[in-house]
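To start, the structure itself, in structure tokens.
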Amino acid sequence: MEEIERRMQFVFTLRSNGVTNADVLKAMESLNRENFLEGIFQERAMENTPLPISCGQTISQPSVVGLMTQALELHRRCKVLEIGTGSGYQAAVLSRLARRVYTVERHMRLARRSRELLQKLGLHNITVVHGDGSKGLPEQVPFDRILVTAAAEDPPQPLIDQLRVGGIMVLPVGQSHAVQTLLKVTKTEEGINYAELGSVRFVPLVEGIEHDVLD
Ligand code: SAH
């Protein structure tokens, strides 16, 4: 299949799975997911499936990336926090739609790799931090939007605290290794609202950091 047809197919699959926001579709079409994968998995980049990355983690399914990004209702002025950088793909999508993206990864090896890659791709409005994202990123508060791409049992309180009033957080909640619920948390003057967006499956949010041996 020609590259152009592959892209058309990719966008068509996103649309069929409920990703309808034109800006999100454009951002995802403009980024080659292959860049965020390694070895034999690169040729499967355009498939709508999660795939393995290093440190036993996964790059999310493209339609889930699209649905989560869409649920954030991003605008150009947003300062966004992502927890779970992984390959850097989701951060790259966010960077196309927001002013500034901070992304936190607990595996040093993944943090380094994605930092180098995002730099190479010229996405200069992203800062990759090696740290424990379950505590958020206190030095950059508050955030207009927060996206968590690993599953916690409940929304971590530090993340709710670091969200600006009027802000939106999207995250999977539930037991790890089971089907989880995608939640949209909205913070208002009156309090916190929760809406369920559907079922998803993510790797668990794990406390603490890893200093992986580098190759
Ligand atoms: N958004 C990623 C996919 C995420 S997989 C992408 O686009 O590729 C989930 C990631 O969350 C993994 O890389 C895992 O190491 C990381 N993670 C899990 N718990 C974490 C924590 N407490 N702080 C930061 N990162 C965490």
Side-chain angles (χ1 to χ4, degrees), residues 13-14 17-21 24 27-28 33 36-37 47-74 78 80-95 97-98 101-107 110-111 114 128-129 131-137 143-163 167-187 192-210:
T13 304
L14 291 174
N17 283 280
V19 185
T20 52
N21 182 294
V24 174
M28 291 185 71
R33 189 167 176 251
F36 300 85
L37 288 160
E47 291 178 26
N48 188 29
T49 182
L51 290 167
I53 55 174
S54 64
C55 304
Q57 306 302 314
T58 53
I59 183 172
S60 308
Q61 186 175 2
S63 59
V64 172
V65 170
L67 290 171
M68 290 174 89
T69 307
Q70 185 168 283
L72 281 176
E73 298 173 27
L74 292 164
C78 280
V80 186
L81 174 65
E82 181 199 19
I83 307 303
T85 314
S87 66
Y89 180 64
Q90 172 73 73
V93 174
L94 295 171
S95 80
L97 301 161
V101 177
Y102 294 88
T103 178
V104 184
E105 170 56 55
R106 66 185 293 277
H107 281 281
L110 288 172
S114 56
V128 181
V129 179
D132 179 1
S134 62
K135 300 181 174 56
L137 193 59
F143 296 97
D144 302 300
R145 301 289 186 265
I146 300 179
L147 182 60
V148 188
T149 62
E153 288 192 16
D154 297 296
Q157 190 60 45
L159 298 184
I160 295 177
D161 295 342
Q162 292 175 27
L163 188 62
I168 299 171
M169 169 159 71
V170 172
L171 79 168
V173 290
Q175 302 289 328
S176 53
H177 308 302
V179 172
Q180 303 128 7
T181 303
L182 193 59
L183 268 193
K184 178 174 177 175
V185 178
T186 314
K187 191 171 185 175
I192 314 287
N193 298 321
Y194 299 88
E196 292 188 5
L197 301 180
S199 299
V200 284
R201 199 163 184 163
F202 277 85
V203 296
L205 187 74
V206 180
E207 288 191 16
I209 57 170
E210 295 283 347

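What you see below is based on every heavy atom in this structure, not just the backbone, and it leaves out hydrogens, waters and symmetry mates. All of these numbers come straight from a predicted model, not from anything done at the bench.
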**Q.** Minimum heavy-atom distance between P172 and M68, given as atom pair plus value
**A.** CD-CE, 4.3 Å

Q: Evaluate the criterion side chain to side chain contact (heavy atoms under 4.5 Å, CB included) for residue pair Q175 and E153; output intermediate values, then yes/no.
A: CA-CA 6 Å; Q175 302 289 328; E153 288 192 16; 3.6 Å; yes

Q) So, for L94 and V80, which heavy atoms are closest and what is the spacing to 0.1 Å? A) CD1-CG1, 4.1 Å

Q: State, with a plain yes or no, whether a side-chain heavy atom of M28 is found less than 4.5 Å away from one of P62.
A: yes

Q. Is the count of non-hydrogen atoms from other residues, nucleotides or ligands lying under 6.0 Å from E207 atom CD greater than 12?
A. no

(Q) Would the distance check show the side chain of T149 and the main-chain N or O of G84 forming a donor-acceptor pair, the cut-off being under 3.5 Å? (A) yes

Q: Would you mind reporting whether I53 and L37 have side-chain heavy atoms less than 4.5 Å apart?
A: yes

Q: Dump the intermediate steps for side chain to side chain contact (heavy atoms under 4.5 Å, CB included) on L159 and L81, then the final yes or no.
A: CA-CA 9 Å; L159 298 184; L81 174 65; 4.3 Å; yes

Q | Shortest non-hydrogen separation from S114 to S87 and the atoms involved | A | CB-O, 3.7 Å

Q | T69 versus Q90, side-chain donor and acceptor atoms under 3.5 Å | A | yes

Q: Taking Q70 for its side chain and N21 for its backbone only, find out whether a donor-acceptor pair lies under 3.5 Å.
A: yes

**Q.** Q180 side chain vs F202 backbone, donor-acceptor pair below 3.5 Å
**A.** yes

Q: Check whether any side-chain heavy atom of Q61 sits under 4.5 Å from a side-chain heavy atom of N48, and report yes or no.
A: yes

Q) If you look at every heavy atom in V93 and A27, which pair is closest and at what distance? A) O-CB, 4.2 Å

Q. Quick one: are L110 and T85 in side-chain contact, heavy atoms under 4.5 Å?
A. no

Q | Inter-residue atom distance I83.CD1 - T103.OG1, 0.5 Å rounding | A | 7.0 Å

Q: Answer whether the closest heavy-atom distance between the side chains of L67 and V19 falls below 4.5 Å.
A: yes

**Q.** Heavy-atom pair with the smallest gap, counting every atom of V128 and A111
**A.** CG1-O, 3.5 Å

Q | I209 CD1 to H107 NE2 distance, which is reported to the nearest 0.5 Å | A | 11.0 Å

Q) Between P155 and L183, is any pair of side-chain heavy atoms under 4.5 Å apart? A) yes

Q: Hey, could you give me the CG/CG distance between L171 and D154, rounded to the nearest 0.5 Å?
A: 9.5 Å

Q: Report yes or no: does E82 contribute a side-chain atom to a donor-acceptor pair with the main-chain N or O of V101 at less than 3.5 Å?
A: no

Q) To the nearest 0.5 Å, how far apart are CG in N193 and OG1 in T186? A) 5.5 Å

Q | Test item: L205 and P156 side chains (from C-beta on) under 4.5 Å apart, heavy atoms | A | yes

Q.
With heavy-atom distances below 4.5 Å as the criterion, would you say the side chains of R33 and L51 are in contact?
A. yes

**Q.** Minimum-distance pair of heavy atoms, taken over all atoms of C78 and A98
**A.** O-CB, 3.6 Å

Q: Apply side chain to side chain contact (heavy atoms under 4.5 Å, CB included) to the pair Q162 and M169, showing each step before the final yes or no.
A: CA-CA 10 Å; Q162 292 175 27; M169 169 159 71; over 6 Å; no

(Q) Donor-acceptor pair, distance only, cut-off 3.5 Å: does the side chain of K187 make one with the backbone of I160? (A) yes

Q. With no hydrogens and no angle check, is any side-chain donor or acceptor of R106 less than 3.5 Å from a backbone partner on V206?
A. yes

